[in-house]
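Note that ligands are numbered from 1 as they come in the structure, with each ligand's atoms numbered from 1 the same way. Model, not experiment: these values are computed from the prediction.
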Amino acid sequence: MHSFLLRGNAVLTFALTVLAVACVLASLTDTLHSSKPEVNVEILSVDAFGRNPGGNDEVVLTLHISADLQSVFTWNTKQLFVFLAAEYESSKNVLNQISIWDSIIQSKEDAKIQRRTRNKYSFVDQGSNLRGKDFNLTLHWNIMPVTGAMFSEKRVLTGFRLPKNYM
Ligand SMILES: *[C@@H]1O[C@H](CO)[C@@H](O)[C@H](O)[C@H]1NC(C)=O
């Protein structure tokens, strides 16, 4: 009876150790894994630009989002949360960051994105700072692993500018 308990304890300890080591290895391979994502975003058209009823600048864009995030996936990747943010400076804020599109990618096969889309979420300023505004479009992706900590990566695309006048 005494030795039976001891053996049970040893087996459990061993199992837990193996599990812990597997988890550490899994998140370690994620850390060492270097992905080579390809990202490109184009503004196909500015479809509306003016003050919304709240008095804040609002712009409606048609975008072409293309990204190949297949290399981000490892055997330890559960899913990616991808979002596109418009980022710009204004007198009020050093960094305005507005999420205008997002998507959840659950498999490597789906990680090649080709999307022609309007901005899914409103591109609205806190004020009227958007005329002639230079801005960046940054594709962020949060990597949710099967085991280990979530981490995120991004690709900044620079050199976008909004029209000088409302339309
Ligand atoms: C765009 O990104 C570049 C590089 O990260 C940064 O230097 C620049 O300030 C950004 N521009 C705007 C308008 O936020």
Heavy-atom closest pair (M150 atom, P145 atom, distance to 0.1 Å) is CA-CD, 3.8 Å

[X] and [Y]: side-chain donor and acceptor closer than 3.5 Å?
X	Y	answer
N40	S66	no
T74	N76	no
Y88	D125	yes
E89	N96	no
S128	D57	no

Of T138, N136, N96, V94, the one whose closest heavy atom lies nearest atom 1 (C) of ligand 1 is N136

Of all the atoms in ligand 1, which lie at a distance below 4.0 Å from a heavy atom belonging to [X]?
X	answer
D134	13 (C)
V156	2 (O)
E87	14 (O)
T158	1 (C), 2 (O), 3 (C)

The protein heavy atom nearest to atom 9 (O) of ligand 1 is E89 OE2, 4.3 Å

Notebook entry, point to check: Any protein heavy atom sitting closer than 4.0 Å to atom 7 (O) of ligand 1?
Noted result: no

